[in-house]
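Presented below is the structure to which this report refers.
In this text, all values refer to a predicted model and were calculated from it rather than measured experimentally. Along the sequence shown, the residues carry numbers beginning at 1.
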Amino acid sequence: MTSIGPISGINPAISPAAPLSDAKAAPGGAGFADTLKNALDQVDRTQQNSGAAIQDTVSGNADNLLGAVSAMAEADMSFKLLIGVRNKVIEAYKQTMNMQI
């Protein structure tokens, strides 16, 4: 009986023990860690902009109530999208961990 040998010509892009920060970006694009960090930063910026718009409206510095409501809606939508992506990632992780080898 012969044993199964390794597949030649296939090299992993990232070793399993390597942290995300040490991973090299794919040619022509950003890596997964960079993309995730950019998305989190963008959600944080929308949350901060919403808070500033609300604060300006409440304090009387701005008369644009529609702008504050729009900023709140944008922040809410971006946060809900972030939570949805997080839930999908956790679900995929759980399914991967439940796979039988």
Between Thr46 and Ser78 the two heavy atoms that sit nearest each other are OG1-OG, 3.0 Å
Leu81 CG to Asp76 CG distance, which is reported to the nearest 0.5 Å = 11.5 Å
With rounding to the nearest 0.5 Å, note down the distance linking CD in Gln47 to CD in Glu74.
-> 10.0 Å
Kindly state each residue pair satisfying salt bridge (Lys or Arg N to Asp or Glu O under 4.0 Å) with at least one member in residues 88-101, sequence neighbours excluded.
-> none
Closest non-hydrogen contact found for Thr57 with Ala68 is OG1-CB, 3.4 Å
Separation between CG of Asn87 and CD1 of Ile83, rounded to the nearest 0.5 Å | 6.5 Å
If you round to the nearest 0.5 Å, how far is CZ of Phe32 from OG1 of Thr35?
-> 8.0 Å
Return each pair, listed once, that meets salt bridge (Lys or Arg N to Asp or Glu O under 4.0 Å) where at least one residue sits in residues 45-68; pairs must be two or more places apart or across chains.
-> none
With respect to Arg86, which candidate in Leu82, Val89, Ile90 satisfies the side-chain contact (heavy atoms from CB on, under 4.5 Å) definition?
-> Ile90
